[in-house]
Amino acid sequence: MIKRKDIIKIAIDSPAAAGAGTLAKAISKHYNLLYLDTGKIYRYIGYLKLKFPKKFSYKFIKSKIKNLREKNLSNQNLVSDEVGTEASIISKNKNIRKLVHNFQLNFAYNPPKKFMGSCLDGRDITYKIVPDADFKFYITANIKIRAKRRYNELKKLKKDITYAEVLKSIKKRDKSDKSRKISPLKKTKDSLLINTTNLNKRACFLKIKKIIDNRINN
Ligand code: C5P
């Protein structure tokens, strides 16, 4: 694999709906980094399983990952709670993780020249995908706040779901993502904890920016 030297690599892990995606996007834009929401890849595979149950096989997923494009990951269908739940089921599969792993490595270590580096968020980024990242963050928030944020997001998209259903599903996903054997969600010792419960988007962004600027400028 080609690895670009002298790039900034940011790795972020977080439980569902903690605000990591919004933050990662803002940070990537500010520092001109290539951004990848790795959850979207697992969601895409979960979506394929729901949409093409008969075709769904290792070979099928492999061909889809090989031809994975930006437009596949911006598909609005990936946002639903049903797809999120399916993603958390298929993401326990070792072979599926391996396929996704290689795709992520390319993103992290070999971003196009126009970018200063890369920023990936997910569940196992800080210790499995980019263990040598220059900056590692574990972003979290109180579960009720996370459920409220996800509920509002889904309501904006006119999804037919209640707050109680969202809360239940996030709890289930947290449990599954943290307790699974392969690539569980965890905070590594070298990751900085950012709790977004009482912080708005701008405050979160400034907190992370301060940490990065302090290190870059010293
Ligand atoms: O981040 P998001 O909530 O979209 O992720 C959907 C699911 O994909 C997670 O609940 C998790 O099971 C899985 N995932 C993963 N590893 C990642 C990113 C997401 O297992 N790096």
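Counting convention: from 1, in listed order, for ligands and their atoms alike.
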task: Take atom NZ of Lys155 as the centre, draw a 6.0 Å sphere, and report whether it contains more than 12 heavy atoms from other residues, nucleotides or ligands.
output: yes

Under 3.5 Å, side-chain donor or acceptor atoms of residues 44-55 against the rest of the protein: list the pairs with distances, not counting sequence neighbours.
| unit_1 | atom_1 | unit_2 | atom_2 | d |
| --- | --- | --- | --- | --- |
| Lys49 | NZ | Glu86 | OE2 | 2.9 |

field: Contact residues of ligand 1, where a non-hydrogen atom lies under 4.0 Å away
entry: Thr38, Gly39, Tyr42, Arg43, Ala87, Ser88, Ser91, Arg97, Gly122, Arg123, Asp124, Arg173, Asp177, Arg180

Residues Lys25, Asp37: salt bridge by 4.0 Å N-O rule: no

query: Are Tyr109 and Lys9 side-chain neighbours, meaning at least one heavy-atom pair lies under 4.5 Å?
result: yes

- request: Check whether the side chains of Arg4 and Ser118 place a donor and an acceptor atom closer than 3.5 Å, and report yes or no.
  value: no

query: Does Asn110 reach the side chain of Lys3, with side-chain heavy atoms less than 4.5 Å apart?
result: no

